[in-house]
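Before any comments, here is the structure.
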Amino acid sequence: MTLRLTNTLSRRIEPFEPLVPGQVSIYCCGVTVYDLCHLGHARSYIAWDVLRRYLLWSGYAVTFVQNYTDIDDKILNRAAEEGSSMQIVSERNIEAFVADMARLNILPPDRMPRATQSLDAIRALITELEAKGAAYSADGDVYFAVMKHAGYGKLSGRDLAEQQDNAAGRVATAEEARKQHPFDFALWKGTKAGEPSWESPWGPGRPGWHIECSAMVREELGDTIDIHLGGADLIFPHHENEIAQSEAATGHELARYWLHNGMVNVGGQKMSKSLGNFTTIRALLDSGISPMNLRLFTLQAHYRKPLDFSAPALEAAATGWKGLNAALGLAASAEAAPASDAADLPSDLAEARQRFAAAMDDDLNTSAALAVLFELAKPLRALANRIERGDGAAAAAATSPGLAAQGQLLLELAGVLGLQHERAAEGPAAGPGSGSGSGSASPSDAEIDAQITARQAAKAARNFTEADRIRDGLKTQGIELIDRPGGVTEWIRS
RNA sequence: GGCGGCAUGGCCAAGUGGUAAGGCAGAGGAUUGCAAAUCCUUUACCCCCAGUUCGAAUCUGGGUGCCGCCUCCA
């Protein structure tokens with residue numbers, strides 16, 4: 001069984017074979033750092049993180065490069081709005097990006113080049129394109145001539161001859177007038193007053209958007225890479241232009257496999273800044289949604305399909321994660337057994353492992369892979385919950401070799417999806433700040449214990465009205481009571 | 001208008017020729033003073049029409065609906 005991936009280039013699922021056996025080079029289009037990242041970015045980078053983890057798990061050596069676009073109109077606009085500079089805005093958002101990705105348990109890329117640090121490579125590439133007649137300069141700008149490049153449109157399925165007619169009715173801006181073809185795009189933009197600029201053979205200015213990726217790919221990974229990643233909204237024009245630039249310059253295929261993730265939708269519409277229907281990653285995580293909850297949510301759908309975001313859908317994933325997390329917790333607490341060798345596993349576990357791999361091999365079918373995790377987790381979760389209730393027999397059962405092996409396999413496979421056990425944010429009598437303020441909405445541990453004692457007395461007297469009144473009262477203060485067998489009452493802050 | 005994608009139970013979502021994974025919600029049972037939590041059990045013939053086939057959710061043709069890209073965007 002080998003990994004098969006949907007290649008946007010061919011529009012079909014293809015067996016994955018890296019250029020160099022055992023090694024995979026990946027370039028992933030990163031973010032333009034003008035603002036915080038939202039759920040759409042989370043979905044995308046989680047999907048690619050899973051691809052990377054799966055390749056590593058499968059034994060490949062992976063080199064993963066992801067860029068930061070830190071030269072862009074939107075960054076400049078933001079800087080102008082707040083009276084700072086492009087660099088300040090970029091630095092701040094790069095920092096936020098790194099923090100957000102880390103919270104989501106996304107492995108950091110091996111290298112993260114920035115446009116501002118790639119000017120030499122960018123200028124060299126443009127010079128080469130110009131020398132080869134693929135680019136032309138006009139009034140300080142340099143454009144890529146799409147008509148000169150056979151094969152333009154091969155990724156997005158566009159036909160230049162037809163597209164020209166469609167574009168004919170467009171508003172003719174000054175820039176449009178400088179272009180030889182409406183699809184020609186800027187490699188270099190002549191400087192404008194008040195904007196950062198860099199020296200170049202074409203005068204001061206800054207690079208266009210697409211060229212930075214071509215330059216970085218070549219500089220970091222070479223002329224031809226194995227996999228190029230990005231959101232489906234980048235297929236055209238960004239990736240199409242990237243291909244044109246790179247292939248016109250090098251004469252070699254830029255990337256052998258192009259993978260694109262589907263958009264995150266809200267109410268059936270794409271989440272985007274312009275529509276104002278976005279939720280930032282940190283706003284969501286800070287609101288109490290756990291990173292793993294979000295991860296599970298996004299992995300329940302196939303990466304190429306649109307994913308509809310809604311609070312109820314996220315809650316459903318949260319409940320699912322709760323069970324999975326309980327199983328992972330039990331497994332993690334068990335004696336750390338050596339990593340399961342597939343050959344040593346009991347047949348049913350080996351079969352589960354095989355089904356997981358088969359699902360992932362099938363174009364990263366995380367939805368089916370998760371089904372395997374849930375099945376593995378089910379008995380472990382039940383045991384974990386029984387143990388939590390003080391069931392001694394369950395505790396004994398948990399130490400059986402079979403279940404330990406199952407737990408280890410669950411941990412291993414969950415890890416491939418980047419899912420890891422999360423400790424409950426707050427548990428029984430675990431709140432260090434429980435005595436924080438006498439007048440605060442949250443009562444102290446001692447106060448809660450006193451209430452519980454009072455309730456137990458009421459129950460003993462069969463005064464259930466009073467007992468329920470106490471329980472409801474605590475609930476309004478965010479304290480939930482859990483009656484255990486044997487008359488023991490525990491509580492959690494909810 | 002061009003290119004691409006999607007349509008499976010109340011919701012989310014796998015499944016690409018042999019009688020429908022998984023999650024959530026719901027229902028029944030256990031437990032409980034009653035709840036909550038927990039445990040056990042349980043719920044579909046796959047948008048419509050026509051066709052291919054012994055047999056189709058799964059292939060072909062047509063229809064309907066929805067979405068993305070064609071301007072910056074993960």
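As the structure is a computational prediction, the values presented were derived from the model and not from experiment. Just so it is clear: chains get the letters A, B, ... in the order the sequence lines come, proteins before strands, and each one is counted from 1. What you see below is based on every heavy atom in this structure, not just the backbone, and it leaves out hydrogens, waters and symmetry mates.
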Task: Of A:Tyr257, A:Phe64, A:Tyr27, the residue whose pairing with A:His228 passes ring pair (Phe, Tyr, Trp, His ring centres under 6.0 Å) - done: A:Tyr27
TODO: Decide whether A:Glu212 and A:Asn67 meet the rule of one side-chain donor and one side-chain acceptor closer than 3.5 Å.
DONE: yes
Whether [X] contacts [N] is assessed here as follows: a side-chain N or O lying under 4.0 Å from the phosphate OP1 or OP2. Is that the case?
{"X": "A:Lys459", "N": "B:C34", "result": "no"}
{"X": "A:Lys378", "N": "B:G22", "result": "no"}
{"X": "A:Asn265", "N": "B:C67", "result": "no"}

Scan [X] against the nucleic acid and name what it touches under 4.0 Å (heavy atoms): base, sugar-phosphate only, or nothing.
{"X": "A:Tyr45", "result": "sugar-phosphate"}
{"X": "A:Glu375", "result": "sugar-phosphate"}
{"X": "A:Gly230", "result": "sugar-phosphate"}
{"X": "A:Ala316", "result": "sugar-phosphate"}
{"X": "A:Asp468", "result": "base"}
{"X": "A:Arg355", "result": "nothing"}

Using atom [atom1] of [X] as one end and atom [atom2] of [N] as the other, report the distance to the nearest whole Å.
{"X": "A:Phe278", "N": "B:C72", "atom1": "CZ", "atom2": "C1'", "answer": "15 Å"}
{"X": "A:Leu380", "N": "B:U38", "atom1": "CG", "atom2": "C1'", "answer": "16 Å"}
{"X": "A:Leu234", "N": "B:G4", "atom1": "CG", "atom2": "C1'", "answer": "15 Å"}
{"X": "A:Leu324", "N": "B:C24", "atom1": "CG", "atom2": "C1'", "answer": "14 Å"}
{"X": "A:Leu155", "N": "B:G2", "atom1": "CG", "atom2": "P", "answer": "21 Å"}
{"X": "A:Gln300", "N": "B:G22", "atom1": "CD", "atom2": "C1'", "answer": "8 Å"}
{"X": "A:Leu275", "N": "B:A74", "atom1": "CG", "atom2": "P", "answer": "14 Å"}

Between the base of [N] and the side chain of [X], is there any donor-acceptor pair under 3.5 Å?
{"X": "A:Asn365", "N": "B:G15", "result": "no"}
{"X": "A:Asp483", "N": "B:A35", "result": "yes"}
{"X": "A:Arg455", "N": "B:G33", "result": "yes"}
{"X": "A:Arg11", "N": "B:C3", "result": "no"}
{"X": "A:Arg471", "N": "B:A35", "result": "yes"}

- [ ] Once you apply the 3.5 Å cut-off to both distances, tell me the Watson-Crick or G-U wobble partner of B:U31, or none.
- [x] none
- [ ] Tell me which of A:Leu383 and A:Asn261 sits closer to the 5' end of RNA chain B, going by the nucleotide each one is nearest to.
- [x] A:Leu383
Open item on the list: Can you work out whether A:Met263 or A:Asp308 has the more 5'-proximal nearest nucleotide on RNA chain B?
Closed with: A:Asp308
- [ ] Check whether the aromatic ring of A:Phe464 stacks on the base of B:G33, taking stacking as ring centres less than 5.5 Å apart and planes within 30° of each other.
- [x] yes
TODO: Run the ring-centre check on A:Trp48 versus A:Tyr303 and record whether the distance is less than 6.0 Å.
DONE: yes
- [ ] Could you tell me if the ring centre of A:Phe144 sits under 6.0 Å from that of A:Tyr152?
- [x] no
TODO: Using side chain to side chain contact (heavy atoms under 4.5 Å, CB included) as the criterion, point out the one residue from A:Arg304, A:Arg43, A:His302 that pairs with A:Asn261.
DONE: A:Arg43
